[in-house]
Amino acid sequence: METSSEHQAYDFAYVQEKWLPIWDKLEPFKSGRSDDPRPKKYVLDMFPYPSGDLHMGHAEAYALGDVIARYWIQKGFNVMHPIGWDAFGLPAENAAIKRNEDPRIWTYENIATQKSSMRRYACSFDWDRVFNTCDPEYYKWNQWLFTKLHDRGLAYRKDSAVNWCPGCQTVLANEQVVAGLCERCDSAVTKKKLNQWYFKITDYADRLLDDMAELEGKWPEKVLLMQRNWIGRSQGANVNFVIEGRTEPVTIYTTRPDTLYGATFMVVAADSALAAELAAGTAVEAEFTSYLEKIKAASDIDRLATDRPKSGVDLKRFAINPVNGEKLPIWASDYVLADYGTGAIMAVPAHDQRDLDFARAMKLPVRVVVETGEEDPNETGIATTGDGKLVNSGALNGLTKNDAIAAINKQLEADGLGKSARNYRLRDWLVSRQRYWGTPIPIVHCDKCGEVAVPDSELPLLLPVAKGLDLKPKGQSPLAAATEWVNTKCPKCAGPAMRDTDTMDTFVDSSWYYLRYPSSTNATEPFNRAEIDTWLPVDQYVGGVTHAILHLLYSRFFTKVLYDMKMLDFTEPFTRLLNQGMVVMDGSAMSKSRGNLVRLSDELENHGVDAIRLSMVFSGPPEDDVDWADVSPSGSVKFLSRAWRLSGDVTSAPGADFSKGEISLRKATHKALNDASFAVESFRFNVAVARVMELVNATRKAIDSGCGAADPAVREATEAIAIMLSLVAPFTAEEMWERLGHKPAIALAGWPTVDPALLIDDEVEAVIQINGKIKDRMNVSPNISEADFEAAALALPSIISELAGAVPKKVIARPPKLVNIVL
RNA sequence: GCCCCCGUAGUCCAAUGGCAGAGACAGAGGACUUAAAAUCCUUCCAGUAUCGGUUCGAGUCCGAUCGGGGGCACCA
């Protein structure tokens, strides 16, 4: 075998080929050894969708996840760093339609491609734990969990208006609607009323919100905020309005019960059952019906238009304001949402912009009931929303907003006319899809018994083979055509019954996959409790901010449900979260059509794995986007060879006594180790790399013009460099380690212990300021006392002459760095 | 419209409220070389978007403005 001598240039291709088979044999990242005494840590990268080979985005994500996993391994932890594939979903189905073959083929081919790319990219994954969500061994448990949610009343069906793409003839998830258009065919998405399966995530709204307290400081603030906004809890009151000619009063929700006296009309959502009922049999029924038709035809893109004029129909019916007996006309309009609150509102145009816009459009009265000091909304057309004194409000007159809210809530409750209430922006999670490539919903519909869950013993309910099925979207699941599969017996009464033909949203698959890794081949249960107790919750989760809301929210929801089922004893799945940025090119997302696509395989070919990983990590903070136009992979190559060269220069033997080494280089080494640790633990990987570069520079200098290559400090520094580098550039690091006379794998070498004594400088330079301006500097001991420090500063000749006898008002001494003399 | 984040050399980025520069890219010069590459060394470049405030001291905290980015989408 060829050996790399120190005279040879650093050859990344050779080094990569050399080490991969050796690592395969050593398996340094196996985490399942039962006799492993190391403390455990669970580091998880969001699993990929197998949509082709790995791209630049994967390269960044896995480089960052690897730094964390490899760091904790060096720190002596038994790190579980697993990987799998989120393998159900639309792209496979589209590819299957295009190629006229089973989606399994495309999916498993891509998984194999990605897997081999990950190996070449030197990801520190534990390959023993791999699974794919499209494996029946996995989706069996999706189905099992579905039936358990069904048992608990958390999975239910209801009619609802859903996103509908007329082009693809299918229901779309919210995230598949981009700016009102179908992400696939660009058709304008409309609403369609369909009977669909839902998970009752709204039951968990408060817990999802309140439990975020324990994630504070551990998850990015931005993600917590997005989740809070998404859940959107609001505090207000439900108020009952009697309707003329109707026995039941109508309840409205408002966040401003203090403005009840300012209500001048009521609006019901045009697409609500209440609107239809109120219009039925009246003179305006025809007008209402045609209005409703118009709304239903309107696409999302129209609904999204910002300054859309208000429209509606006067139903010529009246509600009675419970506080003053006033007759309020009832209108139907599409600006009120049917599925928020009760689908009906009291309109207070003076203090709500939307109501004011509507009132002005329909020439309805506007009555100010809060004096906010702002201009009259009647004149300006701008509703006043600030605080102030109540007027025209009976007993509430003179109160401020908050006092008025408290007073009116109390009054309404006493009179049985209403009470304080909460509402949420969060809606239940629509989980059924009319698609083939997903988990079949394990429900049988029986004329006699209704919805019957498929019993555990019959799971997995296998997805029928695609052969013979028309997978093209046509508004109904392709599974409906698999008649043999659909027609079945009722598990309860054994009578004829039909299977549910929908499949589950793939977000279901990813909502609990992290629980599967510790026992990924378990055939008798979704996850093993003992293994869960040892590994979970995930210590560190790494992934894109694109999943800030849905995936993370759904996972949190599942965890809480499983907690309630007593299958877990924690309520938050991910203790710490890191969101990496995107890889862009010239400021915008990479795409073939934009012509700025950078191919990962080309970059790896040209610069090597280590240089690409290093470029990703060094480009800036991990949360920031990496603009590939700004990074220099060739600069990374240069640095790596510079570091590699050091390992050939060291002439002392392995095991040399470092304590005999040259002191200043030793200090630099220990400081670098210490700083890099701190930087990695606070996710400032770019700073950690900078510290290594600094140490490389110092070591180079020591060899060339300092203590010389034979000094033990040079070996100590170079070994530290190799170990720190092993987090980012495993091939280079391993090669250095070997040249330093050590055996593989460097991944398990262990982080050198930092000697605190070597972190203290003998002398530090302190600055002396007068009124915050630097006047002089002096060298002092790092442990100088405050009094000595101050005295020394005041005794400096330059300071004495500068002061010219003036007596300082105050002297701020911050030993050993700074003295500020205030005159 | 509401909410949030960010503005530091030509570029990417560092800096527990305490000397604005750790590191890198690009640029310039030099050493080595017949030459080039590689390597090594040296070096240029900002006062932190703007205005005001708090403080002994502000890139850092607070307020406003300008610029860039993100989330939500009539949620009453």
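Letters A, B, ... are given to chains in the order of the sequence lines, protein chains preceding strands, and every chain is numbered from 1.
Within the structure, the side chain to side chain donor-acceptor pair (under 3.5 Å) test picks out the following pairs touching residues 677-689 of chain A (sequence neighbours left out): A/Tyr71-A/Ser677, A/Tyr71-A/Glu681, A/Lys75-A/Ser677, A/Ser677-A/Trp751, A/Ser682-A/Arg684. Screening residues 613-633 of chain A for salt bridge (Lys or Arg N to Asp or Glu O under 4.0 Å) gives A/Asp66-A/Arg613 as the qualifying pairs, with residues at least two apart or on separate chains. Here side chain to side chain donor-acceptor pair (under 3.5 Å) pairs that include residues 253-269 of chain A, with residues two or more places apart or in two chains, are A/Ser234-A/Tyr253, A/Arg256-A/Asp258.
A stem is defined here as three or more consecutive Watson-Crick or G-U pairs, each with both distances under 3.5 Å; for RNA chain B these stems are B:1-7 with B:66-72, B:10-12 with B:23-25, B:27-31 with B:39-43, B:49-53 with B:61-65.
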Each nucleotide N or O in nucleotides 6-13 of chain B that has a protein N or O under 3.5 Å away: list the pair and distance.
unit_1 : atom_1 : unit_2   : atom_2 : d
B/U11  : O2'    : A/Asp630 : OD1    : 3.4
B/C12  : O2'    : A/Ser619 : O      : 2.9
B/C13  : O3'    : A/Asn686 : ND2    : 3.4

Provide a list of protein-nucleic acid N or O atom pairs under 3.5 angstrom, restricted to nucleotides 54-59 of chain B.
unit_1 : atom_1 : unit_2   : atom_2 : d
B/C56  : OP1    : A/Lys810 : NZ     : 3.4
B/C56  : O2'    : A/Asn820 : ND2    : 3.3
B/C56  : O2     : A/Asn820 : ND2    : 2.4

List, with names and distances, any nitrogen or oxygen atoms from the protein found under 3.5 Å away from nitrogen or oxygen atoms belonging to nucleotides 38-40 of chain B.
unit_1 : atom_1 : unit_2   : atom_2 : d
B/U39  : O3'    : A/Arg645 : NH1    : 3.0
B/C40  : OP1    : A/Arg642 : NH1    : 2.5
B/C40  : OP1    : A/Arg645 : NH1    : 3.2

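Note on A/Tyr340: a side-chain N or O is less than 4.0 Å away from OP1 or OP2 of B/A76.
Among the atoms of the strands shown, base atoms are found under 4.0 Å from some heavy atom of A/Ile345.
Remark: the A/Glu603 side chain and the A/Trp628 side chain contain an N/O donor-acceptor pair separated by less than 3.5 Å.
Listed by chain and residue number, nothing satisfies the side-chain hydrogen bond (donor to acceptor under 3.5 Å, both in side chains) test with A/Thr546 (two or more places apart in sequence, or in another chain). Evaluation of the salt bridge (charged side-chain N to carboxylate O under 4.0 Å, His left out) rule for A/Arg425 yields no partner, not counting sequence neighbours. By the side-chain contact (heavy atoms from CB on, under 4.5 Å) test, A/Ala643 is found to be paired with A/Val696, A/Ile721, A/Leu725, A/Met736, residues two or more places apart in sequence or in another chain being considered.
A heavy atom lying under 4.0 Å from RNA chain B marks the following residues of residues 688-698 of chain A, by number: A/Ala690, A/Arg691, A/Met693, A/Glu694, A/Asn697.
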Side-chain donor-acceptor pairs under 3.5 Å in residues 764-776 of chain A, sequence neighbours left out?
unit_1   : atom_1 : unit_2   : atom_2 : d
A/Asn771 : OD1    : A/Leu823 : N      : 3.0
A/Asp776 : OD2    : A/Ser798 : OG     : 2.4

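Separation of the P atoms belonging to B/C4 and B/C19 is 31 Å when rounded to the nearest angstrom.
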